[in-house]
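Working notes, structure below.
It should be emphasised that the depicted structure is a prediction, and the values quoted were computed from it without experimental measurement. Labels below follow one simple rule: chain letters A, B, ... track the order of the sequence lines, proteins then strands, and each chain is numbered from 1.
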Amino acid sequence: MEKEMIKISFAVNPDYKIEVEKGLTILEIVAQKAPKLYKLILAAKANGKGIGLGDRVEEDSLIQIFTGADEEGLHALRHTASHIMAQAVQRLFPDTKLAIGPAIANGFYYDLDSAHVFTPDDLTAIETEMAKIVEEDIPLVHEILPRDKALELFSGLGAIYKVELINELPEDMPISIYRQGDFIDLCAGPHVSSTGKVKAFKLQSLAGAYWRGDEKNKMLQRIYGTAFAKKTELDAYLKLLEEAAARDHRKLGRELDLFSLQDEGPGFPFFHPHGMVIRNEIEKLWRELHFAFGYDEIKTPVILSRDLWIQSGHWEHYRNNMYFTEIDEAPYAIKPMNCPGCILVYRAHHHSYRELPIRMCEMGLVHRHELSGALHGLMRVRAFTQDDAHIFMLPGQIKDEIKKVIELFDKVYSVYGLKYHAELSTKPEKAMGDDAIWEVATEALREAMEEYGLKYKVNPGDGAFYGPKIDFHLEDSLGRTWQCGTIQLDMQMPEKFDLTYIGEDGQKHRPVMIHRALYGSMERFIGILIEHYAGAFPLWMAPVQVKILPITDRQTEYAQKLKEALFKEKIRVTVDERNEKIGYKIREAQVQKIPYMLVIGDKEMEEGKVAVRKRKEGDLGAQDFANFLTAIKNEIAEKA
RNA sequence: GCUGGCGUAGCUCAACCGGUAGAGCAGCUGACUUGUAAUCAGCAGGUUGGGGGUUCAAGUCCUCUCGCCAGCUCCA
């Protein structure tokens, strides 16, 4: 059954204009304007499909939603495109062996094993061959073969990867294959009816990928591509990608002078003055809310004795990611996590059951030796500050405490208007503690989420080595998700460190410990924020909040007076005194995404006014300086 | 770490098949005193990421190394 793909264009698109409130997400707009579609999108989102759903509406960007009724049809189309690509590759490079080639969120890929090393030029040649296959309009034929027949078929073709896959399927299972002309693939489908249906496609990139995702296996060559039902949709998607690249935090970080990465310290970011303003502002918000939620702040050392890490189990389970050093010939380690430090604070004196829960938070700088190839701007670094906290509590307090943590997370994320999804990660292979304890801990997390009403998906085997966890994932500009917040229930550390509290009965008891981080890492979170706001930070966290632009040097003195007045109110303000035309100064302030510009000419100076220009709205005209000051102070306080 | 690609001035990019590095923006200096997204002129800026090699000659070819990018693996 053929279905049409739903496409909606918002914003400045000549053929479809729609008025929306500022700051709404696409989802919110759709919920208002198209309630039926909204339901379909929610369904698509629950399955992890669709793109750009959490994106904010920018003033002049074309934003589209590729989802809805026909998500399945698009999936089939891309899956077929992947087969067409494989067929094209085999025509051009007959010795190529096929591994797997699925449709994915925004396109498709195929993993190939070939003596030939594919180059970007090959991609063009493959695209040309694909176009021929589309032109030939070859029907796709679905067949179900008995297992032995299928094995015989693929062995005959020398398709070793397909044979390996079949051999792992249940013995009595019939095998589903698809044929298009002389091309045969092991495949469950579904597909579109013929290659002619794939009207718009593009091969995007080459990459390596381990066979079956295991680094012990051979590395295959992966070709990524995408396909759409119509050329216009493909073009719109490619345009979207270009726009996303423009908000890459690495690019904006340099342009807005927020941070840098230097060859002298790979993975160790340098925060510049403007980046630090943002960092300090979000830390300030963090402190306010944590104190309101009953946390106490601590700070623990970065270097601690190796014995501590042996006791905590990090030596055994995490050594490969740790940096070591020596002090007076004794072995020490740089902390990769904050828990042991916090535990030492807890253990510094006795605790009564009356004190619990004890919530200790810490902006903890940790170092981890990440693989060089994994480093990525601020998102993946080797030194980062976790906004950590450890909560020690009675076993009976677990559920309520976790609910409270979720509430705090929700509150903070909503200040930034960030969309997130939660995942529950269970016991990994390399884990401490026995199954029963893990079971209890995992259930506690599960119940807390369900009672709070937090939707989540399960990640089997993805927990930390000391306990299960709930992860909060945020999206970057390209829709890649990054784990930020985490709540980990730790039922091993209290044991390892013999943590106790004195109960009502006067006896020692074992507290339960939660390890949690909300931003996850300050670095990663700032990276996410840069992309989320596309560098146009809200007033309250903008590095420079107001820039005063005198038109000539006759206004310099007045400009300085205004600056002093704003500075006194703790507003971040600069004056552009350079001898340049006003258009030039405005342009520069605009490029720097400064929220407010005050244009000062003779007129304003004589009347004690300022001509206010807003980053997004443009010229707002002249107003009394006093009024402006009141308004901006309110806006900052509201964190709007 | 693995596979592939890339590395030229602070930034964005040029330099045919090896012939000895060039532009715009930014910076500095000067002129202009300017009304809502780039005023004009001049100056300065690079051992082409680093080491080694091939060659009469290397930004260009080979090699080692460092870093970056995409993906894999891993993870906040």
Using atom [atom1] in both nucleotides, what's the gap between [N] and [M] to the nearest angstrom?
N      : M      : atom1 : result
B:rA57 : B:rU20 : C1'   : 8 Å
B:rA38 : B:rG1  : P     : 47 Å
B:rC17 : B:rA31 : P     : 48 Å
B:rG42 : B:rU48 : P     : 28 Å
B:rC16 : B:rA21 : P     : 14 Å

For [X], which contact category applies under a 4.0 Å heavy-atom criterion: base, sugar-phosphate, or nothing?
X        : answer
A:Asn321 : nothing
A:Leu371 : base
A:Arg222 : sugar-phosphate
A:Ala374 : base
A:Arg554 : sugar-phosphate
A:Gly213 : sugar-phosphate

Look at the side chain of A:Asp462 and decide which nucleotide, out of B:rC75, B:rC68, B:rU33, has an atom nearest to it.
B:rC75
Contiguous pairing runs of three or more, Watson-Crick or G-U under 3.5 Å, that involve RNA chain B:
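B:1-7 with B:66-72, B:10-13 with B:22-25, B:27-31 with B:39-43, B:49-53 with B:61-65 - these are the stems of 3 or more pairs that involve RNA chain B.
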Nucleotides 3-12 of chain B: protein proximity per nucleotide (B base, S sugar-phosphate only, - neither; heavy atom, under 4.0 Å):
BS------SS
Can you tabulate the close N/O pairs, meaning under 3.5 Å, that link protein atoms to atoms of nucleotides 38-42 of chain B?
{"unit_1": "B:rA38", "atom_1": "N7", "unit_2": "A:Arg587", "atom_2": "NE", "d": "3.2"}
{"unit_1": "B:rA38", "atom_1": "N7", "unit_2": "A:Arg587", "atom_2": "NH1", "d": "3.1"}
{"unit_1": "B:rA38", "atom_1": "N6", "unit_2": "A:Arg587", "atom_2": "NH2", "d": "2.4"}
{"unit_1": "B:rA38", "atom_1": "N1", "unit_2": "A:Arg587", "atom_2": "NH2", "d": "3.3"}

Would you verify whether the NZ or CZ of A:Arg78 falls within 45 degrees of the ring axis of A:Phe108 while also being under 6.0 Å from that six-membered ring's centre?
no
Closer to the 5' end of RNA chain B via nearest nucleotide, is it A:Ile600 or A:Glu370?
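It is A:Ile600 whose nearest nucleotide is closer to the 5' end.
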Taking OP1 and OP2 of [N], is either one under 4.0 Å from a side-chain nitrogen or oxygen of [X]?
X        : N      : value
A:Arg578 : B:rU33 : no
A:Gln483 : B:rA76 : yes
A:His376 : B:rC68 : no
A:Arg250 : B:rC69 : yes
A:Ser205 : B:rG71 : no
A:Lys585 : B:rG35 : no

Measure distances between side-chain N and O atoms of A:Tyr210 and base N and O atoms of B:rG1, and say whether any donor-acceptor pair falls under 3.5 Å.
yes
Determine whether any donor atom in the side chain of A:Glu604 lies under 3.5 Å from an acceptor atom in the base of B:rG35, or the reverse, and answer yes or no.
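Indeed, a donor on one side and an acceptor on the other fall under 3.5 Å apart.
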